[in-house]
2 protein chains.
Amino acid sequence: MTKDKTTARDAAKTSEPFASDLLRGHTDTIVLAVLRSHDRYGYEIYKVIRDATGGEHEIKEATLYATFRRLEKDGLVEAYWGDETQGGRRKYYRITDAGRAVFRRAVADWTATQRIIDTLLNLKGNPS
Amino acid sequence: MTKDKTTARDAAKTSEPFASDLLRGHTDTIVLAVLRSHDRYGYEIYKVIRDATGGEHEIKEATLYATFRRLEKDGLVEAYWGDETQGGRRKYYRITDAGRAVFRRAVADWTATQRIIDTLLNLKGNPS
DNA sequence: GGCCAGTAGTGTGTCTGATATAGTACCAGA
DNA sequence: TCTGGTACTATATCAGACACACTACTGGCC
């Protein structure tokens, strides 16, 4: 029954830091971006994203691991266990060629999204 | 059982025009933006959005009318029936002061969102 | 007189992504 | 031994967007 999710409206009322849903749909792309240069393990990706924004934005762990599973299922990343024999097992993720293709497409989509929203928000209501 | 929604991944595979979820969370803001200058009725808002993007993006009617109800419930817009006595009744929407406040906040959020995603997508994986 | 496309709004059900919440398990340092 | 950080998993819930289907009026065309 309790509702804790921060919406844009809630944010306006309560000065919440950020409405998380605004990044919705971009999480996959962000993960692929982080994996472009080299393989990383899950928790590392979590930290990279958190730190890259100066702690301003954080993708929740649950969200991230769900994203990994989705990306893996779709063949955009491949997962393998690291050889940390002593404790703290780590699952590494590697971006596939398909993943890189999707990433390129997603960047184009992101650019289009920016253009569309910017256009709509700047609508002054031309006095036709 | 059938699944027709276009995702970013599908788009990459099928050259779909656009992954609709990328605008998710911004619909309310877009509607408020369109209402800033003057009142408009539902179908008109639908067309303004569709046309403002050159038909590139379309917010579905069902989505839009759901948005109106949500905005009205939250007191961000007020609705009233037009006086078209002959046929084609139209419900007009007017943005409230609260709506304007939320809009200003949403624009700030949008700017922050752009910055965050741009930062993350440009991650080159610094060779630390 | 009938048909169709366009306008205008509503209702129901479903899917997806993000989250809350909780849990397991290991390790290092005080 | 206890605590905090690391690392990953599982379940349930929610909101937003959509598909689909529907009502209803108008004007133009045949």
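Within every chain, numbering begins at 1; the chains are lettered A, B, ... in the order of the sequence lines, protein sequences first and strands thereafter.
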Looking at the side chain of [X], which of [options] is the nearest nucleotide?
{"X": "Tyr65(B)", "options": "dG9(C), dA17(D), dC8(D)", "value": "dG9(C)"}
{"X": "Arg90(B)", "options": "dT10(C), dT7(C), dC8(D)", "value": "dT7(C)"}
{"X": "Tyr43(B)", "options": "dC20(D), dC8(D), dT7(C)", "value": "dT7(C)"}
{"X": "Lys60(B)", "options": "dA7(D), dA19(D), dT19(C)", "value": "dA19(D)"}

May I have the distance from [X] (atom [atom1]) to [N] (atom [atom2]), rounded to whole angstrom?
{"X": "Leu23(A)", "N": "dA18(C)", "atom1": "CG", "atom2": "P", "answer": "9 Å"}
{"X": "Arg69(B)", "N": "dA8(C)", "atom1": "CZ", "atom2": "P", "answer": "17 Å"}
{"X": "Lys91(A)", "N": "dT24(C)", "atom1": "NZ", "atom2": "C1'", "answer": "15 Å"}
{"X": "Tyr41(A)", "N": "dT6(D)", "atom1": "OH", "atom2": "C1'", "answer": "8 Å"}
{"X": "Leu64(B)", "N": "dC20(D)", "atom1": "CG", "atom2": "P", "answer": "19 Å"}
{"X": "Asp28(A)", "N": "dG17(C)", "atom1": "CG", "atom2": "P", "answer": "7 Å"}
{"X": "Glu61(A)", "N": "dT11(D)", "atom1": "CD", "atom2": "C1'", "answer": "16 Å"}
{"X": "Ile59(B)", "N": "dA19(D)", "atom1": "CD1", "atom2": "P", "answer": "13 Å"}

Answer with yes or no whether Arg24(A) presents, from its side chain, a donor or acceptor under 3.5 Å of a partner atom in the base of dT16(C).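 Such a pair is found, so the answer is yes.
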Pair of N/O donor and acceptor under 3.5 Å linking dA15(D) base with Arg70(B) side chain: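 No such pair is found, so the answer is no.
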Sort out for me which residue in Asp28(A), Thr67(A), Leu32(A) forms a side chain to side chain contact (heavy atoms under 4.5 Å, CB included) with Val77(A).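 The residue from Asp28(A), Thr67(A), Leu32(A) that satisfies side chain to side chain contact (heavy atoms under 4.5 Å, CB included) with Val77(A) turns out to be Leu32(A).
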Heavy atoms only, 4.0 Å cut-off, all strands: where does Glu44(A) land among base, sugar-phosphate and nothing?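 Glu44(A): no heavy atom of the nucleic acid under 4.0 Å.
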Phosphate OP1/OP2 of [N] contacted by [X] side-chain N/O (<4.0 Å):
{"X": "Thr27(A)", "N": "dA18(C)", "answer": "yes"}
{"X": "Lys47(A)", "N": "dG5(D)", "answer": "no"}
{"X": "Thr63(A)", "N": "dT19(C)", "answer": "yes"}

Is the backbone N or O of Gly75(B) less than 3.5 Å from a side-chain atom of Thr96(B), with the two atoms forming a donor-acceptor pair by type?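 Indeed, once roles are kept as given, a pair shorter than 3.5 Å links the two residues.
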With distance as the sole test, does Arg115(B) use its side chain to make a donor-acceptor pair with the main-chain N or O of Trp110(B) at under 3.5 Å?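 Checking the backbone N and O of Trp110(B) against the side chain of Arg115(B), no donor-acceptor pair under 3.5 Å is found.
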Check Ala33(A) against Phe103(A) and note the closest heavy-atom contact, atom names and distance.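 Looking at all heavy atoms of both residues, the closest pair is CB-CE1, 3.4 Å.
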Option passing ring-ring contact (aromatic ring centres under 6.0 Å, His included) with Tyr41(A) (candidates Tyr65(A), Tyr92(A), Tyr93(A), Tyr46(A)):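 With Tyr41(A) as partner, ring-ring contact (aromatic ring centres under 6.0 Å, His included) holds for just one option, Tyr92(A).
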